[in-house]
Amino acid sequence: MRKPLIAGNWKMNKTESEGISLVRKLIQGVKSLTTVDVLICPPFTSLSQLNKLLVSSPILLGAQNISEHKSGAFTGEISADMAAEFCTHVILGHSERRAFYGETDELINLKVTAALNAGMIPVLCVGEQLEERESGGAASVIAGQLQAGLEGVHLPDPDLMVIAYEPVWAIGSGLSASAEDTGDLIGGVIRPTLSGLWGEIISQKIRILYGGSVNPGNARGFFTQSEIDGALVGGASLSADNFLGIIEQAT
Ligand code: PEP
């Protein structure tokens, strides 16, 4: 059995004080929770304080990006070792980084390796554009992103990586993919591709999330699909009520 994971991607939202007030509400809300893992990924500027606040809470902390480089003259960048002092996970390959910052599968592959080398767990995002889905190309796009993004990556333990399937057209749009289609795609494309890379046992044990306009009202449909192990949540993770509402659907 794979334990569900609900992850929140705050993107470029919440100052440190706003983040602290949101996290205080989340800590109260998940107090006795043991059946679901919860991860929040705030901006870098809040990681240090939130790490202290979460010290005796089950809520996990993640970054939204890291540099592919270990250290050096890379102004404005944050290395995996720096992020790993405060958090366990890092979102990589998010469609916004692919679209707005030109991140390629090759670059994402370097970042995945940097994260693993620093002891961080990558949450690797993959997903097709609307045109790719409409032309019947979703499966090959997703398999290609996984193969290139994970090329040469050795994964001895399924808990060291999370995959997030996020159709680009569903992110922040209010349009979500159908739960059945998503379950079929994860079972029919994503797990078989991971099996080709790391074998059947790892591919059956690794957690694969759905992301794209998940809210408390539609979350249950996704979580009833056996192939879907939780959600990566953007907009709805910015409100304690909404995020806790989604977590409750996963319990
Ligand atoms: C995301 O940014 O990863 C995401 C899924 O956003 P939203 O939930 O707002 O669609």
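Just so you know, ligand 1 is whichever comes first in the structure, and atom 1 is the first atom listed for that ligand. Not measured: the values here are computed from a predicted model.
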Nearest-0.5 Å distance that lies between atom CG in Leu209 and atom CZ in Phe223: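 Between Leu209 CG and Phe223 CZ, I get 9.0 Å after rounding to 0.5 Å.
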Any protein N or O within less than 3.5 Å of an N or O in ligand 1? List each pair with its distance, or say none.
{"unit_1": "ligand 1", "atom_1": "2 (O)", "unit_2": "Lys11", "atom_2": "NZ", "d": "2.5"}
{"unit_1": "ligand 1", "atom_1": "2 (O)", "unit_2": "His94", "atom_2": "NE2", "d": "2.9"}
{"unit_1": "ligand 1", "atom_1": "3 (O)", "unit_2": "His94", "atom_2": "NE2", "d": "2.9"}
{"unit_1": "ligand 1", "atom_1": "3 (O)", "unit_2": "Glu166", "atom_2": "OE1", "d": "3.0"}
{"unit_1": "ligand 1", "atom_1": "3 (O)", "unit_2": "Glu166", "atom_2": "OE2", "d": "2.7"}
{"unit_1": "ligand 1", "atom_1": "6 (O)", "unit_2": "Gly234", "atom_2": "N", "d": "3.4"}
{"unit_1": "ligand 1", "atom_1": "8 (O)", "unit_2": "Gly234", "atom_2": "N", "d": "2.8"}
{"unit_1": "ligand 1", "atom_1": "9 (O)", "unit_2": "Gly235", "atom_2": "N", "d": "2.8"}
{"unit_1": "ligand 1", "atom_1": "10 (O)", "unit_2": "Gly172", "atom_2": "N", "d": "2.6"}
{"unit_1": "ligand 1", "atom_1": "10 (O)", "unit_2": "Ser213", "atom_2": "N", "d": "2.7"}

What I want to check is whether the side chains of Glu200 and Ser195 have a donor and an acceptor closer together than 3.5 Å. yes
Does Glu128 have any salt bridge (charged side-chain N to carboxylate O under 4.0 Å, His left out) partners at least two apart in sequence or in another chain, and if so, which?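 In terms of salt bridge (charged side-chain N to carboxylate O under 4.0 Å, His left out), with neighbours along the sequence ignored, Glu128 is linked to Arg133.
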Under 3.5 Å, which donor-acceptor pairs do the side chains of residues 134-144 form with other protein atoms, sequence neighbours left out?
{"unit_1": "Ser135", "atom_1": "OG", "unit_2": "Glu131", "atom_2": "O", "d": "3.0"}
{"unit_1": "Ser135", "atom_1": "OG", "unit_2": "Glu132", "atom_2": "O", "d": "3.3"}
{"unit_1": "Ser140", "atom_1": "OG", "unit_2": "Gly137", "atom_2": "O", "d": "3.2"}

Less than 4.0 Å between a side-chain N and a carboxylate O, is that true for Lys205 and Asp157?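 The answer is no: the pair does not qualify as a salt bridge.
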Under 3.5 Å, which donor-acceptor pairs do the side chains of residues 108-123 form with other protein atoms, sequence neighbours left out?
{"unit_1": "Asn109", "atom_1": "ND2", "unit_2": "Gly149", "atom_2": "O", "d": "2.9"}
{"unit_1": "Asn109", "atom_1": "ND2", "unit_2": "Glu151", "atom_2": "O", "d": "2.9"}
{"unit_1": "Lys111", "atom_1": "NZ", "unit_2": "Asn65", "atom_2": "OD1", "d": "2.8"}
{"unit_1": "Lys111", "atom_1": "NZ", "unit_2": "Ile66", "atom_2": "O", "d": "3.0"}
{"unit_1": "Lys111", "atom_1": "NZ", "unit_2": "Glu103", "atom_2": "OE2", "d": "2.8"}
{"unit_1": "Thr113", "atom_1": "OG1", "unit_2": "Asn109", "atom_2": "O", "d": "3.0"}
{"unit_1": "Asn117", "atom_1": "ND2", "unit_2": "Thr113", "atom_2": "O", "d": "3.3"}

